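Computed over heavy atoms, backbone and side chain alike; hydrogens, waters and symmetry mates excluded. The model shown is predicted, which means the values in this text are computed figures rather than measured ones. Within every chain, numbering begins at 1; the chains are lettered A, B, ... in the order of the sequence lines, protein sequences first and strands thereafter.
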2 protein chains.
Amino acid sequence: MKSLKTPPIFCCPPLLGGRVTETEAASAAALFRVLGEPARLQLLSLIAAQPSGEVCACELVESLGLSQPTVSHHLKVMYEAGLLSKERRGTWIYYRIVQERLVSLRDLLA
Amino acid sequence: MKSLKTPPIFCCPPLLGGRVTETEAASAAALFRVLGEPARLQLLSLIAAQPSGEVCACELVESLGLSQPTVSHHLKVMYEAGLLSKERRGTWIYYRIVQERLVSLRDLLA
DNA sequence: AACTCATATCGATATATGTCAATATAAAAG
DNA sequence: CTTTTATATTGACATATATCGATATGAGTT
């Protein structure tokens, strides 16, 4: 089984200011592609809007007009990209935004 | 015909810190999706690496292992996303990075 | 005019992926 | 163990798009 903890944060060389290697471009593009989906951005903003900083997956399903499998899919994509962390508490799974990951993504564009 | 000048910079509401509308999510995602392509990131870094800040399209074709139509396609996508500006000088067309656009994109993740 | 070079567009194809219904798994309660 | 609820996975389908060869357009030259 896959861990419920946050995946490692592999960070990213600056995008501009020097030619980037093919590998660097590929991994950076993969990250951007994760954000290149309206549903995922809405999920991110929903999580960010919570005062507690975390949201149960069930709430996210109710909030968007998407099916449960689709929401689960998007959460998985963002989790595997290191953008979200998750924690199981009983039957529920709570998702959080991995701030450092967003910061490193921002630094890519510096 | 389309103008050779920089397209207008329509800017972007903060992504986190408040629920984002469906329209906002769509336009932001479109921008991220443009960067979600390794070839385009390599093109960006190639342009950024130039001391003059601009590159002739022909150089970009030679630098990457992609065909001329493919490079032309990627440049068009980035141009229409407001990430690049272009200027024709004689037979050649020179592309530049639109810094403000990248800055506003960074601000999306603040 | 014709020729050359640079760039853009067209058409076709292959791959990636968003979406859902159906099903599976996991956990708690009875 | 059975039931219920929450989440994940599977399989299928549709859409988007990256890529290329062929061709068109545009600018300069002779």
Side-chain angles (χ1 to χ4, degrees), chain A residues 1-5 7 22 25-44 46-47 54-81 84-96, chain B residues 1-5 7 22 25-44 46-47 54-81 84-96:
Chain A
M1 246 296 283
K2 190 176 287 281
S3 159
L4 284 180
K5 290 298 166 195
E22 209 167 325
S27 66
L31 246 183
F32 282 121
R33 200 158 47 236
V34 171
L35 295 183
E37 181 64 24
R40 289 199 275 265
L41 294 187
Q42 285 189 285
L43 286 172
L44 273 185
L46 277 170
I47 301 177
E54 63 182 8
V55 190
C56 165
C58 56
E59 278 186 60
L60 296 172
V61 170
E62 290 168 0
S63 298
L64 290 173
L66 297 172
S67 72
Q68 179 268 324
T70 299
V71 172
S72 182
H73 165 68
H74 286 311
L75 291 174
K76 179 182 181 180
V77 169
M78 288 193 283
Y79 172 75
E80 292 183 339
L84 295 182
S85 63
K86 58 178 170 180
E87 182 194 358
R88 165 155 251 150
R89 287 208 293 275
T91 318
W92 302 274
I93 298 187
Y94 292 86
Y95 282 88
R96 289 181 159 274
Chain B
M1 245 296 283
K2 190 176 287 279
S3 161
L4 284 179
K5 290 297 165 194
E22 209 167 323
S27 66
L31 245 183
F32 282 120
R33 204 171 326 124
V34 171
L35 296 182
E37 182 63 26
R40 289 198 277 265
L41 294 187
Q42 285 189 284
L43 287 172
L44 273 185
L46 277 170
I47 301 177
E54 62 181 8
V55 190
C56 165
C58 57
E59 278 187 59
L60 297 171
V61 170
E62 291 168 359
S63 298
L64 289 173
L66 296 172
S67 71
Q68 180 269 324
T70 300
V71 172
S72 181
H73 164 69
H74 287 311
L75 291 173
K76 179 184 182 182
V77 169
M78 289 193 283
Y79 172 76
E80 291 183 339
L84 295 182
S85 64
K86 57 177 170 178
E87 182 194 357
R88 166 155 250 150
R89 289 211 289 278
T91 318
W92 302 275
I93 297 187
Y94 292 86
Y95 283 89
R96 290 181 158 274

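- Look at CD on B:Glu80: it is 12 Å from C1' on C:dT9, rounded to the nearest Å.
- Per the geometry, CG belonging to B:Leu75 stands 10 Å off C1' belonging to C:dT7, to the nearest Å.
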Before giving the answer on side-chain contact (heavy atoms from CB on, under 4.5 Å), spell out for A:Ile93 and A:Tyr95 the whole-Å C-alpha distance, their side-chain angles and the decisive distance to 0.1 Å. CA-CA 7 Å; A:Ile93 298 187; A:Tyr95 282 88; 3.8 Å; yes
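- Taking the side chain as every heavy atom from C-beta outward, A:Phe32 and B:Leu41 approach each other to under 4.5 Å.
- The side-chain hydrogen bond (donor to acceptor under 3.5 Å, both in side chains) search around B:Thr91 returns none, not counting sequence neighbours.
- Residue A:Leu66 places its side chain closer to C:dT19 than to any other of D:dA6, C:dT19, C:dA8.
- Comment: B:Arg89 engages B:Glu54 in a salt bridge, judged by a side-chain N to carboxylate O separation of less than 4.0 angstrom.
- Straight-line distance from the OH atom of B:Tyr94 to the P atom of C:dT7: 8 Å, rounded to whole Å.
- Spacing between atom CD of A:Gln42 and atom C1' of C:dG18 amounts to 14 Å, rounded to whole angstrom units.
- For the side-chain contact (heavy atoms from CB on, under 4.5 Å) with A:Leu84, the qualifying choice from A:Lys76, A:Met78, A:Arg40 is A:Met78, the only one to do so.
- Nearest to the side chain of A:Arg88, among C:dA8, D:dT7, C:dA6, sits D:dT7.
- Taking only side-chain nitrogens and oxygens, B:Thr91 never comes nearer than 4.0 Å to OP1 or OP2 of D:dA27.
- In terms of position on DNA chain C, the residue among A:Val71 and B:Glu59 whose nearest nucleotide sits closer to the 5' end is B:Glu59.
- Taking only side-chain atoms of A:Ser72, from C-beta outward, the nucleotide of D:dA8, C:dT9, D:dA6 with the closest atom is D:dA8.
- For B:Lys76, no side-chain nitrogen or oxygen approaches OP1 or OP2 of C:dA8 to under 4.0 Å.
- Taking atom NE2 of residue A:His74 and atom C1' of nucleotide C:dC20, one finds them 11 Å apart after rounding to whole Å.
- Of all nucleotides listed (D:dT7, C:dT7, C:dT9), D:dT7 comes nearest to the side chain of A:Cys58.
- Taking A:Ser67 as the reference, A:Thr70 meet the side-chain hydrogen bond (donor to acceptor under 3.5 Å, both in side chains) condition, with sequence neighbours excluded.
- Between the side chain of B:Gln68 and the base of C:dA8, at least one donor-acceptor pair of N or O atoms lies under 3.5 Å.
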Return a single string for nucleotides 12-17 of chain D, one symbol per nucleotide in 5' to 3' order, where B is base contact, S is sugar-phosphate-only contact and - is none, cutoff 4.0 angstrom on heavy atoms. -----S
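- An OP1 or OP2 oxygen of C:dC20 is reached within less than 4.0 angstrom by a side-chain nitrogen or oxygen of A:Thr70.
- At whole-Å resolution of the value, CH2 in B:Trp92 and P in D:dG28 are 9 Å apart.
- Rounded to whole Å, the distance from CD1 on A:Ile93 to P on C:dA26 is 11 Å.
- Rounding to whole angstrom units, CD of residue A:Glu62 and P of D:dT5 are separated by 13 Å.
- Cation-pi geometry between A:Lys86 and A:Tyr79 is satisfied (NZ or CZ under 6.0 Å from the ring centre, within 45° of the ring normal).
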